[in-house]
Protein chains: 2
Amino acid sequence: MGTAQRRERERTELRGRILDAARDIVRREGFGALTIRKIADAIEYAPGTLYLYFENRDAIAQELSFEGFRKLLEAFAPAEKLEDPLARLEAIGRAYVRFGMKNPETYRLIFMEDPQLTTAVFKAAGDDPGQRAYRALIEPLEELRRAGRLLPGADVQALADTLWATVHGIVSLKLTCPGFPLTPVDPLVDTALRMLLGGLVGPAKATRAPGAPPGS
Amino acid sequence: MGTAQRRERERTELRGRILDAARDIVRREGFGALTIRKIADAIEYAPGTLYLYFENRDAIAQELSFEGFRKLLEAFAPAEKLEDPLARLEAIGRAYVRFGMKNPETYRLIFMEDPQLTTAVFKAAGDDPGQRAYRALIEPLEELRRAGRLLPGADVQALADTLWATVHGIVSLKLTCPGFPLTPVDPLVDTALRMLLGGLVGPAKATRAPGAPPGS
DNA sequence: GTCTATAGGCTGATAGAC
DNA sequence: GTCTATCAGCCTATAGAC
């Protein structure tokens, strides 16, 4: 496996160990606590050595963000296999929130810290992962539209952006406002998806009350 | 006016000028750039002097957050005067987003920076402003419920939290991800509110397609 | 490649003169 | 009340020895 060899080479070349240590620090203490010295301490090297592997601190943070975004996309994979486009949208939304809650500091780093970093991630974490993430939302919506299941005149782009904003809102509110909103994450996601997706396919299909428990 | 006298007293006591300078720095350069020395420079005092008026840097940041949250509540005022509860909800959502876009760094400080700060703001910026903000959402929803305009079994709390998460999502995404989402703020808010509130009062009332332009 | 050492900067906060 | 001076600490990044 070429990938494994490259990873092994990187590891022996210290690069991998630097990233491992950096990832650990961000996970445990947040991006603000990520310093060259702390990483150097963790891997038991002199701080200056790190500059042989990364141009500066930001380059390390960027690498971590790329990596995190790639993992987010991987977390979408099972959802993307679902046949029904509506079920796909729902599953992607849930996978997104789950990723954010499981990796709070990584999520913060990617989506809440530095606009420049976020922009860089969208533009260049592999083969245009920003577009790939977007397509995960746009594609099922397009499929719904083609099948005539969207109301006429629906703007697929605006719908995708709204869905994204909502799941991002849930995650970021939960990360920064513990205790607010009062509703626990899972029912909150249930309600949000029901409200957003329920109206999507037209009034006729919206049979359950938004905010009602799933079994009602 | 007692308030004016107190403000004047505070100003002569330097406290007001410190806050003014701090507010300016946060607005222009963000919370990360707020340092005791920078404030002292701006008001042309020695750094140590500030400690006679504030315990430490965090106390200044907290005061700014309290102030910002109070202004957010004030921005709700015109919306809260509307009679129709659904129109009230919509107007509050729009006012929220407008506030965030107009005061990006203040919004960041209050809602996106430090969980501890955010918690403090909710608990103690005057007479329980967190509850007041919450009530602004809960109350119109309760009114809708009482009027039988919500579907039976609807969870008012979850609905309020979802609305809040969505507008927060829109603002915070726009602040950290300029360029993503691609949809401009105003149509994004239109779509989100239509999707969320459209389904709220039951299928019969949802006549416009989510994502369609308002006139369709 | 890795080290030590250091330049040059920033920070919050305090002590003591006036 | 306000100052100066300073402690004690952190930081990035680089230069030069080995």
Side-chain angles (χ1 to χ4, degrees), chain A residues 5-65 105 108-109 113-117 120, chain B residues 5-65 105 108-109 113-117 120:
Chain A
Q5 280 166 18
R6 194 206 38 169
R7 272 196 64 80
E8 184 52 33
R9 205 167 60 236
E10 277 178 353
R11 184 163 300 272
T12 53
E13 279 173 18
L14 247 198
R15 214 175 179 274
R17 267 203 283 161
I18 292 171
L19 286 175
D20 289 346
R23 205 180 304 114
D24 248 42
I25 293 166
V26 169
R27 264 212 263 268
R28 286 202 309 260
E29 309 175 53
F31 174 57
L34 183 70
T35 67
I36 295 285
R37 291 169 123 82
K38 228 178 229 175
I39 301 170
D41 274 2
I43 61 172
E44 296 178 299
Y45 272 78
T49 306
L50 305 218
Y51 290 92
L52 297 173
Y53 297 90
F54 292 93
E55 199 194 329
N56 52 32
R57 203 198 70 148
D58 285 359
I60 299 176
Q62 204 169 74
E63 192 73 41
L64 288 181
S65 301
E105 292 301 343
R108 265 202 119 77
L109 178 64
E113 215 75 59
D114 178 11
Q116 290 208 298
L117 189 59
Chain B
Q5 280 166 18
R6 194 206 39 169
R7 272 196 67 77
E8 187 49 35
R9 204 168 59 236
E10 275 175 357
R11 186 163 298 273
T12 53
E13 278 171 18
L14 247 197
R15 213 175 181 273
R17 266 203 283 162
I18 293 171
L19 286 175
D20 288 347
R23 204 180 304 116
D24 248 42
I25 293 166
V26 169
R27 265 212 262 269
R28 286 201 309 259
E29 308 175 54
F31 174 57
L34 183 69
T35 67
I36 294 286
R37 291 168 125 84
K38 226 177 230 173
I39 301 169
D41 275 2
I43 61 171
E44 296 178 298
Y45 271 77
T49 305
L50 304 218
Y51 289 92
L52 297 173
Y53 297 90
F54 292 94
E55 199 195 328
N56 52 33
R57 203 198 71 148
D58 285 358
I60 298 175
Q62 205 169 74
E63 193 72 42
L64 288 181
S65 301
E105 293 301 344
R108 263 200 121 77
L109 178 64
E113 215 75 59
D114 177 12
Q116 289 207 299
L117 190 60

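Protein chains get the first letters and strands the later ones, always in sequence-line order, with residue 1 at the start of each. Just so you know, these numbers come straight off a predicted model, no measurement behind them. The basis for the numbers below is simple: all heavy atoms, side chains too, and nothing from hydrogens, waters or symmetry mates.
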Please output the side-chain donor-acceptor pairs of residues 47-54 of chain B that fall under 3.5 Å, not counting sequence neighbours, one pair per line with the distance.
from	atom 1	to	atom 2	distance (Å)
Thr49(B)	OG1	Ala46(B)	O	3.3
Tyr53(B)	OH	Glu13(B)	O	3.1

From [atom1] of [X] over to [atom2] of [N], roughly how many Å is that when rounded to an integer?
X        : N       : atom1 : atom2 : value
Asp58(B) : dT11(C) : CG    : P     : 15 Å
Leu14(A) : dC3(C)  : CG    : P     : 9 Å
Ile60(A) : dA13(D) : CD1   : C1'   : 12 Å
Lys38(B) : dT11(C) : NZ    : P     : 7 Å
Glu13(A) : dG1(C)  : CD    : P     : 8 Å
Leu52(A) : dG16(D) : CG    : P     : 16 Å
Phe54(A) : dA13(D) : CZ    : C1'   : 16 Å
Ile36(A) : dC3(C)  : CD1   : C1'   : 16 Å

query: Starting at the 5' end of DNA chain D and moving along, which residue's nearest nucleotide shows up first, Tyr53(B) or Asn56(A)?
result: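 Its nucleotide being nearer the 5' end, the pick is Tyr53(B).
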
task: Could you list by number each residue of residues 41-51 of chain A showing a heavy-atom separation from DNA chain D of less than 4.0 Å, or answer none if no residue does?
output: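 Output list: Gly48(A), Tyr51(A).
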
task: For Glu63(B), enumerate each residue passing the salt bridge (charged side-chain N to carboxylate O under 4.0 Å, His left out) test, keeping only those at least two apart in sequence or located in another chain.
output: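 Applying salt bridge (charged side-chain N to carboxylate O under 4.0 Å, His left out) to Glu63(B) gives Arg15(B).
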
field: Sub-4.0 Å heavy-atom contacts from residues 15-28 of chain A onto DNA chain C, ordered by number
entry: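 Output list: empty, so none.
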
query: Which residues satisfy the side-chain hydrogen bond (donor to acceptor under 3.5 Å, both in side chains) test with Arg17(A), sequence neighbours excluded?
result: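 side-chain hydrogen bond (donor to acceptor under 3.5 Å, both in side chains) check on Arg17(A) returns nothing, list empty.
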
Could you pull out all donor-acceptor pairs under 3.5 Å where a side-chain atom in residues 35-43 of chain B meets a protein atom, sequence neighbours excluded?
from	atom 1	to	atom 2	distance (Å)
Thr35(B)	OG1	Lys38(B)	N	3.1
Lys38(B)	NZ	Glu29(B)	OE1	3.0
Lys38(B)	NZ	Ala33(B)	O	3.4

Validation: residues 55-62 of chain A side-chain donor-acceptor distances under 3.5 Å, sequence neighbours left out:
from	atom 1	to	atom 2	distance (Å)
Asn56(A)	OD1	Asp58(A)	N	3.2
Asn56(A)	OD1	Ala59(A)	N	3.1
Arg57(A)	NH1	Leu34(A)	O	3.0

query: Among all residues two or more places apart in sequence or in another chain, which pass the side-chain contact (heavy atoms from CB on, under 4.5 Å) test with Asp20(A)?
result: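 Here the qualifying residues are Arg11(A), Arg23(A).
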
query: How bent is the helix from dG1(C)-dC18(D) to dC18(C)-dG1(D), comparing axes over its five end pairs at each side, to the nearest 10°?
result: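 The helix from dG1(C)-dC18(D) to dC18(C)-dG1(D) shows an end-to-end axis angle of 20°.
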
task: Could you tell me which non-hydrogen atom of Phe31(B) sits nearest to which non-hydrogen atom of Glu113(B), and how far apart they are?
output: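 In terms of heavy atoms, the two residues are closest at CD2-CG, 3.4 Å.
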
